[in-house]
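Down below is the structure, laid out as structure tokens.
Chain naming here is simple, since letters A, B, ... match the order of the sequence lines and numbering starts at 1 in each.
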Number of protein chains: 2
Amino acid sequence: MALLKAREAVMSRFRPTLHAHDLTEQQWRVLRALTTAEEFRAGELARVSSISMPSLSRILRALEKRALIQRGVEDKDLRAAQISITASGRELIALIAPHSERRYAEITTAFGEDRLATLYGLLDELAACLNDGAEAPPEDEE
Amino acid sequence: MALLKAREAVMSRFRPTLHAHDLTEQQWRVLRALTTAEEFRAGELARVSSISMPSLSRILRALEKRALIQRGVEDKDLRAAQISITASGRELIALIAPHSERRYAEITTAFGEDRLATLYGLLDELAACLNDGAEAPPEDEE
DNA sequence: TCGATTTATATAACATGTTAAATATTAACG
DNA sequence: CGTTAATATTTAACATGTTATATAAATCGA
């Protein structure tokens, strides 16, 4: 699958930097998502960072142990978690972000800004088109 | 990552069919690759199906247990495996292939043949551009 | 208010990806 | 030759994806 190879090629550029700071790709996505709002509920965080709830649950446990995030519960709904990034978490991001942005810039110049934009557009449209095409893909008669 | 979401959207169309026959996405890739030549060495198979050697090793063990593939060793090189698909394996493929092709056709018509071709081209070029850009992505001074 | 259903999150079980190390075999070199 | 380096494959250890199930809390209806 072309999508698979392209994604692998892209991620291989970012992994070394993340690995140097003992972060996985998914942990990085979660941390960065947490900088975009004061607090998140677990479900929101999973949607925003495209990570399944079971994985997110494990990731949060790991990040909490490293004190990169903190958790609370909502007053109004004792089921809901309030997840936020800590000062340490922000420091780590500040440490990594420049590297990450440099890699991204490398990719942009290597591939071309315009083509990258076109690619983004097509990918978004493909996902959108498939997702609302049919919520439950029809399993043909059998 | 847009690549991630697009891939997930695509695969969610194929997974139900595969799951109904107790196959994972990767096992399916391996089986199909095996139909394109008489025999494969493990390393070739890993490259062709974009699966890491450790994963492939586990997958081959599982597929062999189900008698969908068979293994031998090369005369000239006792390290090298000779992996080939069995009759049962071909039967399973014949059973699934029509469903798989129908899903693919659905995606093609939903998204548009021309746009799909454009997307393929961009993905291939992106992967190629990143892969020979630099074998070892330069880790900047730190 | 009680009980059934939904919602938010967590856990279990299994397969795969990633990294590193182990094993076996071949090739290369002194 | 024998020792070392390279190659093909496997295994180990850990993190994640996928599916199914469990737990807890909220909501809804009788």
Side-chain angles (χ1 to χ4, degrees), chain A residues 1 3-5 7-31 39-47 49-66 69 71-83, chain B residues 1 3-5 7-31 39-47 49-66 69 71-83:
Chain A
M1 193 61 66
L3 287 165
L4 185 68
K5 289 186 187 173
R7 182 171 153 69
E8 171 52 27
V10 170
M11 288 318 303
S12 68
R13 294 305 181 97
F14 289 95
R15 244 191 301 268
T17 302
L18 293 177
H19 191 261
H21 294 277
D22 268 299
L23 279 182
T24 64
E25 199 184 309
Q26 291 81 353
Q27 292 171 343
W28 175 244
R29 288 215 301 274
V30 169
L31 279 183
E39 291 177 339
F40 274 94
R41 300 168 65 135
E44 288 174 320
L45 200 47
R47 261 193 311 283
S49 47
S50 288
I51 291 176
S52 65
M53 277 299 297
S55 296
L56 183 61
S57 186
R58 289 174 298 210
I59 290 173
L60 293 179
R61 203 192 309 154
L63 293 181
E64 190 180 23
K65 189 175 299 180
R66 289 170 66 182
I69 65 160
R71 307 158 100 150
V73 290
E74 280 188 12
D75 284 355
K76 310 287 182 164
D77 187 340
L78 297 182
R79 295 168 302 183
Q82 289 177 324
I83 296 152
Chain B
M1 192 64 64
L3 287 166
L4 185 67
K5 290 186 186 172
R7 182 171 153 68
E8 171 51 29
V10 171
M11 288 318 302
S12 68
R13 295 303 181 98
F14 290 96
R15 245 191 301 267
T17 302
L18 294 177
H19 192 260
H21 294 278
D22 267 301
L23 279 182
T24 65
E25 199 183 310
Q26 290 83 352
Q27 291 171 343
W28 175 245
R29 287 215 303 274
V30 169
L31 278 183
E39 292 177 337
F40 274 95
R41 300 169 63 137
E44 289 174 322
L45 200 48
R47 262 193 310 283
S49 47
S50 288
I51 290 175
S52 65
M53 277 299 297
S55 297
L56 182 61
S57 186
R58 289 174 297 211
I59 291 172
L60 292 179
R61 203 192 308 155
L63 293 181
E64 189 179 24
K65 190 175 297 179
R66 290 171 65 181
I69 65 159
R71 308 158 100 150
V73 291
E74 280 188 12
D75 284 355
K76 310 287 181 164
D77 187 340
L78 298 182
R79 295 167 302 184
Q82 288 176 324
I83 297 152

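- Of the inter-residue distances, the one linking B/L23 atom CG with B/R29 atom CZ reads 12.5 Å to the nearest 0.5 angstrom.
- At the heavy-atom level, A/E25 lies nowhere under 4.0 Å from the strands shown.
- Taking 4.0 Å as the cutoff to heavy atoms of chain A, we find the contact window on DNA chain C bounded by C/dT7 to C/dT19.
- Residues satisfying the side-chain hydrogen bond (donor to acceptor under 3.5 Å, both in side chains) criterion with B/R79, sequence neighbours excluded, are B/D77.
- Residue contacts shown for A/E8 are limited to sugar-phosphate atoms, with no base heavy atom under 4.0 Å away.
- Atom P of nucleotide D/dT19 and atom NE2 of B/H19 are separated by 6 Å, given to the nearest angstrom.
- Note that the CG atom of A/L60 and the CD atom of A/Q27 stand 10.0 Å from one another [nearest 0.5 Å].
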Kindly indicate, with the supporting measurements, whether the criterion side chain to side chain contact (heavy atoms under 4.5 Å, CB included) is fulfilled by A/R47 and A/R41.
-> CA-CA 10 Å; A/R47 261 193 311 283; A/R41 300 168 65 135; over 6 Å; no
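- Across all non-hydrogen atoms, the minimal contact from A/V73 to A/L78 is CG1-O, 4.1 Å.
- Taking A/A46 as the reference, A/M53, A/L56 meet the side-chain contact (heavy atoms from CB on, under 4.5 Å) condition, with sequence neighbours excluded.
- Annotation: salt bridge (charged side-chain N to carboxylate O under 4.0 Å, His left out) contacts of A/R7 (sequence neighbours excluded): A/E25.
- Listed by residue number, the members of residues 55-66 of chain A with any heavy atom below 4.0 angstrom from DNA chain C are A/S57, A/R58, A/R61.
- Across its full length, the helix from C/dT1-D/dA30 to C/dG30-D/dC1 shows an angle of 0° between the axes of its 5 terminal pairs at either end, rounded to 10 degrees.
- Within the nucleic acid shown, B/R71 comes within 4.0 Å of sugar-phosphate atoms alone, with no base atom in reach, counting heavy atoms only.
- Here A/S52 lies in heavy-atom contact (under 4.0 Å) with a base.
- The CD1-C1' distance, from B/I83 to D/dT10, rounds to 12 Å in whole Å.
- Comparing A/Q82 and B/Q27 along DNA chain C, the residue whose closest nucleotide (by nearest heavy atom) sits nearer the 5' end is A/Q82.
- For A/S57, there are no side-chain hydrogen bond (donor to acceptor under 3.5 Å, both in side chains) partners at least two apart in sequence or on another chain.
- Judged as a side-chain hydrogen bond (donor to acceptor under 3.5 Å, both in side chains), and not counting sequence neighbours, the contacts of A/S52 are A/S55.
- Between the CG atom in A/L4 and the CD1 atom in B/I51 there is a gap of 8.5 Å [rounded to 0.5 Å].
- Every pair passing salt bridge (charged side-chain N to carboxylate O under 4.0 Å, His left out) that includes a residue from residues 52-66 of chain A is listed here, sequence neighbours excluded: A/E64-A/R71.
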Using atom names, set out every protein N or O paired with an N or O of nucleotides 3-7 of chain D below 3.5 Å, distance rounded to 0.1 Å.
from	atom 1	to	atom 2	distance (Å)
D/dT7	O2	B/R79	NH1	2.4

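- Just one of B/V30, B/L31, B/I59 meets the side chain to side chain contact (heavy atoms under 4.5 Å, CB included) condition when paired with B/S49; it is B/V30.
- For the salt bridge (charged side-chain N to carboxylate O under 4.0 Å, His left out) test, no residue two or more places apart in sequence or in another chain qualifies with A/E44.
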